[in-house]
**Student:** 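Structure below; questions to follow.
Bear in mind that the values here come from a model prediction, so they are computed numbers and not experimental data. So that the names make sense, note that chain A is the first sequence line, chain B the second, and so on, each numbered from 1.
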Amino acid sequence: MLAHTYFGTNRLKNMKLLELKQKVINKILLIKAITIYTFQQETAYWANTWAHVLSTFFYMLSMILFIDVVYSNVNLVAGYTKNEMLLFLLMAQATYYLSWTIYGNLIDLVENVNNGNLDLVLVKPISSLFYITFRRIRLFRVAMDGIPPLIFLALAINWSALNISFLPLLIGIIISVMGTVCSLSFHLLATLPVFWVGESRNIVEFTSHFEYNVGKIIPLEGYGKDFKFFFSTIFPFLISTGFSTSVILGKSEPLPTLLWGLTVTILMLTVRQFAWNKALKVYTSASS
Amino acid sequence: MIYFEIAKFQFLRFLTYPLEILTSVLKRLVDTAFLIVLWSIIIKNTSGLITLPEIVSYFLLASGIEEIVMAHWGFLGDYLGWRIKLGKFSNYLLKPVSIIPQLYASAIGRNGMRVILAIVSIIAGIIIHPPQNSLSVALFLVFFITALFTGLAYNIILGTMYFHFVDASGVKNAISHMSRLLSGAMVPIYLFPENFKNLILLTPFPGMVYGPVNALKTNQLNQEVIVQLFVIIFWMLILNVGAYLFWNQSIKKYEAVGT
């Protein structure tokens, strides 16, 4: 009797494990299909692609010139030397492009709620939040737009003048990924009012604009204590670039910063899931 | 006047989207506020070379002027470009009024709230760091009028590119990024290294922002000011003639299918 129960429990465990494995495989296959489809969409107009590369390249050039001009008048800005500021800019741009791979899905969500296409997402046998987040992964466009200017920027940095160790670098990169997750979660929260008021595109555009100003222009050390706290909790925009660059450069303690980033990320993901469930409850289809 | 009515109509039409207006105004406020915060951090290390009221005044004036002359992302160029791209330009060709003034009035009306905010920003900049004499005010008016016309030509050129490309937003953005830096909207041009500064002052970009802002800080008519004025007027004429020719050539190639 006992043996029978034991084997029964074991079989159940195996089945659950298989089910979980199948779910993971399905998600990987879905991400692969999405990536290929988005690539085909993005390469349809080559002239556009090159024009965007030109645009991002000129943006980077203008920012490097900006830093050059500023440092021709001062030696330090918020305790950062010119090379450290260029590294901050590199991190800011890298995290920007990282979040840009899936940012467009948030804008699509607003449209989907309004035209009723969200119905199609909800009937799919997969987590709706997962599908909404990764529906389009703009790897090719981001790589085309982002890699040339990032290489150009990396070449502009005098790496030997920076004191970077392996562990802080690794932790800094992990923090920057977590910070990007926090920012995207926040932007998703900014999208959700569409379920109640029918429009939220402007709110999302504003929050991303706000994120750029808070997190991608001024280093962490430029803010006072209260602002640091505010912009790393309620508006978690300092984590992806400010925290990570500070850790990489040895200006902040790696482990406490990592722990802080991890805590905020878990909180943001929890709030995001909770808010998404609430939003779905008030969703009424707009399709005919 | 018909163009005033167009601007007024577009402004009132836009007022029906309060959220859009609010976020657009907030975006502009955030931009200016953080630029001032950044510069207040930078000037801490200049050992008194630049004062905080001076830099705050500079950026309030620069952001206001940049908005009014449409040097910031060129909203007339953007508006024109999108009309062409979406195939809605034919609508303007059918109307018995001149196209460019009509588009200009529409763009001003649609961005009416931002223009009002820009005027407030300029007034605040003047209050913080007032002009020293009447010459500064006179020079400001001259530079500002030339900036308006240079901005107009700049926007027409940006928008007209859409006649030739399926989507010219990438090229337009590339030009806008450089324009923001070279016009003095991001960095006061007097802070550029001397050789670079002299080179930039020969381009058309400073005429749109730095020229009028600097005029308000100028209290005597010296050779440098006269040369700057000459360069700005030169570019204003060249760009306007260029924009006129480019526009006339491009519009002949316009084809649209519609109902």
**Student:** How long is the span from the CZ atom in B:Arg28 to the NE2 atom in A:His209, to the nearest 0.5 Å?
**Tutor:** 8.0 Å
**Student:** Evaluate A:Phe58 against B:Ile175 for side chain to side chain contact (heavy atoms under 4.5 Å, CB included), listing each step before the verdict.
**Tutor:** CA-CA 8 Å; A:Phe58 269 80; B:Ile175 298 170; over 6 Å; no
**Student:** Is chain B contacted by the side chain of A:Val214, its backbone, both, or neither, given a heavy-atom distance below 4.5 Å?
**Tutor:** both
**Student:** Which of the residues A:Tyr71, A:Tyr59, A:Phe57, A:Tyr223 is involved in the greatest number of heavy-atom pairs with chain B at under 4.5 angstrom?
**Tutor:** A:Tyr59
**Student:** Using the six-membered ring wherever Trp is involved, compare the ring planes of B:Trp39 and A:Phe66 and label them parallel, tilted or perpendicular (cut-offs 30° and 60°).
**Tutor:** perpendicular
**Student:** Counting only heavy atoms not in A:Tyr212 (residues, nucleotides, ligands), do more than 12 fall under 6.0 Å from its OH?
**Tutor:** yes
**Student:** Quick one: which of B:Asp31, B:Ile42, B:Val187, B:Leu35 has the most heavy-atom pairs under 4.5 Å with chain A, could you say?
**Tutor:** B:Asp31
**Student:** Which of the residues A:Asp145, A:Leu65, A:Asp68 is involved in the greatest number of heavy-atom pairs with chain B at under 4.5 angstrom?
**Tutor:** A:Leu65
**Student:** Taking atom OH of B:Tyr190 as the centre, does the number of heavy atoms from other residues, nucleotides or ligands within less than 6.0 Å exceed 12?
**Tutor:** yes
**Student:** B:Leu38 and side-chain contact (heavy atoms from CB on, under 4.5 Å): which single residue from A:Ile218, A:Val70, A:Asn213 fits?
**Tutor:** A:Ile218
**Student:** Report, as yes or no, whether the 6.0 Å neighbourhood of atom CH2 on A:Trp196 holds more than 12 heavy atoms from other residues, nucleotides or ligands.
**Tutor:** yes
**Student:** Minimum heavy-atom separation for B:Ile41 to A:Ala78, with atom names?
**Tutor:** CG2-N, 3.7 Å
**Student:** Rounded to the nearest 0.5 Å, how far apart are NZ of B:Lys27 and OG of A:Ser208?
**Tutor:** 7.0 Å
**Student:** Nearest heavy-atom pair of B:His177 and A:Ser55: which atoms, and what distance?
**Tutor:** CD2-O, 3.3 Å
**Student:** Quick check: are there more than 12 heavy atoms from other residues, nucleotides or ligands sitting under 6.0 Å from NZ of B:Lys197?
**Tutor:** yes
**Student:** Do other residues, nucleotides or ligands put more than 12 heavy atoms under 6.0 Å from the CG atom of A:Asn158?
**Tutor:** yes
